[in-house]
Amino acid sequence: MVPIATPLRPDLRPGPMLSIVIPFYDEVEVLPECLARLGTVLCGLDLQTEIVFVDDGSTDGSADRILSAPRRSFDVRLLRLSRNFGKEAAMSAGLAHARGDAIIVLDADLQDPPELIPEMIELWRAGADVVQMQRRSRNGESAFKRASAHLFYRILQRLSPAPIPVDTGDFRLMSRRAVDALLRLPERNRYMKGLYAWIGMPTAVVQYDRAPRHGGRSKWDYAHLIGLALEGITSFSVAPLRLATVAGAFTATAGALFCLWIVVKALLLGNPVPGYPSLVALIAFLGGMQLLGIGIVGEYVGKTYLETKQRPLYVLRDDLLLQGLPARASMEAVQRQHA
Ligand code: UDP
Ligand code: MG
């Protein structure tokens, strides 16, 4: 744990601290703008702040942009993972290292506008442990992506043990106790939407318009998103297993009724041995049902196998602290950079 430095904003009474956690992977195009916009917002807050950047194995020199940015009146922590572990793991690393009393998770690509931070803090101060940011619109995303996201969120909502408001992602504020609760969940499989819902806590919801990416491109293709959707459903719901049971019971009943019908028909009308096509159709159908059932069971067996290995979620390569400068010196540093 890095010791807390002397206050960078002596104008503020020592009080609660805000951490901003930003996982990023190859975001060299957007990071300077992200830092600039965040800097403006954070310097206007009446809170001690830190930014925790998590470099999820970037290979495009993104981390250098952070190291070379002018110092501001808040600490910047740079955690570098040993390779690309995925956003979920990167976020977990950030949350585990954030020191704040309130913690906000933000995407580096500026799709989550940092200008909403003051509003989130207000709601936190009013007593919310979690401030969820709900997308009113998604600009710059294809109609298909929007439609599939819409459908997925609705399915998820039906299966979730606790209500998940639709169209909310990782952009959110969490209080210290909410983050501690999240960090206590030991599973390797970090399906965050499921975990957020599980911890509960008094929650406020803010609607916002999701901006298009500031630059660069999304790391998610459809194969990835479909994988994530399956992952999501199987990681916090056993509904598919239940579905397999119900489907099995249903087909078995239908099969028994069909047998009965054949016997009765043979008794009443004799047996001219028809029915080769129906036999093949039945075998194919039942074979398919069985494979589907085995596949569903396999998904859960696989999950159990991965969990039993108890591997850490990520491996840290570096943990750098760029200590902030007192407010006045930081202003001068920024002005020098822009001069
Ligand atoms: N990201 C990450 N690791 C990854 C993929 C993405 O840390 O393996 C970060 C990415 O840099 C961005 C955030 O996660 O800050 C959201 O990713 P992206 O914009 O690609 O996803 P989308 O907004 O399209 O869902
Ligand atoms: Mg994005």
Side-chain angles (χ1 to χ4, degrees), residues 1-2 19 21-26 52-59 63 77-100 103-105 107 129-130 152 156 159-162 164 169-170 172 174-201 219-220 223-245 293-321:
M1 193 58 138
V2 179
S19 299
V21 170
I22 305 182
F24 68 89
Y25 175 46
D26 284 351
V52 181
F53 280 108
V54 187
D55 179 0
D56 188 13
S58 300
T59 51
R77 182 106 176 248
L78 176 61
L79 303 169
R80 306 186 72 184
L81 306 189
S82 62
R83 65 170 170 85
N84 179 248
F85 279 88
K87 185 185 178 189
E88 266 76 22
M91 255 183 332
S92 299
L95 292 175
H97 287 81
R99 295 170 293 167
I103 293 148
I104 292 177
V105 182
D107 280 0
D129 275 274
V130 177
F152 172 62
L156 203 60
L159 295 179
S160 165
I164 301 180
D170 294 313
R172 63 187 53 231
M174 284 177 283
S175 67
R176 170 52 47 200
R177 57 181 182 168
V179 169
D180 285 345
L182 205 59
L183 293 174
R184 271 205 304 280
L185 300 184
E187 52 255 72
R188 315 290 100 191
N189 181 323
R190 308 300 285 182
Y191 188 73
M192 298 306 278
K193 284 191 217 326
L195 303 187
Y196 295 139
W198 190 89
I199 62 168
M201 297 275 178
K219 310 296 177 302
W220 304 105
H224 238 102
L225 284 176
I226 292 170
L228 193 73
L230 283 178
E231 188 71 37
I233 290 167
T234 52
S235 68
F236 73 92
S237 165
V238 287
L241 285 175
R242 178 71 50 82
L243 194 72
T245 313
I294 293 174
I296 294 176
V297 174
E299 285 279 332
Y300 288 92
V301 175
K303 285 234 147 65
T304 315
Y305 166 64
L306 292 177
E307 291 292 336
T308 52
K309 290 206 246 187
Q310 296 272 327
R311 291 197 178 160
L313 291 174
Y314 52 85
V315 177
L316 271 190
R317 177 179 134 195
D318 277 321
D319 176 359
L320 308 170
L321 177 67

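Inter-residue side-chain proximity for Val52 and Leu79 is flagged as met; some heavy-atom pair is nearer than 4.5 Å. Using a 4.5 Å heavy-atom cutoff, the side chains of Met174 and Leu182 are in contact. Looking only at side-chain heavy atoms (C-beta outward), Ile199 and Leu185 come within less than 4.5 Å of each other. Side-chain contact between Tyr300 and Val238 is present, with at least one heavy-atom pair separated by less than 4.5 Å. Within the 4.5 Å cutoff, the side chain of Val21 has heavy atoms near those of the Ile103 side chain. Contact check for Asn189 versus Leu306: no side-chain heavy atoms found under the 4.5 Å cut-off.
Within the structure, salt bridge (charged side-chain N to carboxylate O under 4.0 Å, His left out) pairs that include any residue of residues 178-187 comprise Arg176-Asp180 (at least two apart or interchain). Note on residues 297-310: pairs passing salt bridge (charged side-chain N to carboxylate O under 4.0 Å, His left out), not counting sequence neighbours, are Glu231-Lys303.
Ser19 meets the side chain to side chain donor-acceptor pair (under 3.5 Å) test with Glu50; sequence neighbours excluded. Residues that satisfy the side chain to side chain donor-acceptor pair (under 3.5 Å) test with Arg177, not counting sequence neighbours, are Asp129. Every residue two or more places apart in sequence or in another chain that forms a salt bridge (charged side-chain N to carboxylate O under 4.0 Å, His left out) with Lys87 is listed here: Asp107, Asp170. In this structure, Ile294 has no side chain to side chain contact (heavy atoms under 4.5 Å, CB included) partners at least two apart in sequence or on a different chain.
Atom OG of residue Ser82 and atom CZ of residue Arg317 lie 8.5 Å apart, to the nearest 0.5 angstrom. Taken from CG in Leu78 to CZ in Phe53, the straight-line distance is 8.5 Å, to the nearest 0.5 Å. The line from OH of Tyr196 to OH of Tyr191 is 10.5 Å long, rounded to the nearest 0.5 Å.
No donor-acceptor pair under 3.5 Å is formed between the side chain of Ser58 and the backbone N or O of Asp55. In this structure a side-chain-to-backbone donor-acceptor pair under 3.5 Å is present from Arg77 to His97. Under the 3.5 Å distance criterion, the side-chain polar atoms of Asp56 are matched with a main-chain donor or acceptor of Gly86.
Considering every non-hydrogen atom in both Tyr314 and Ala89, the closest pair reads CD2-O, 3.7 Å. For Met201 against Ala181, the heavy-atom pair with the smallest separation is CE-CB, 4.5 Å. In terms of heavy atoms, Ala93 sits closest to Val54 at CB-CG1, 4.2 Å. Residues Asp26 and Thr59 approach most closely at OD1-N, 2.7 Å, considering heavy atoms.
Applying the 6.0 Å contact sphere to CZ of Arg188 captures more than 12 heavy atoms from other residues, nucleotides or ligands.
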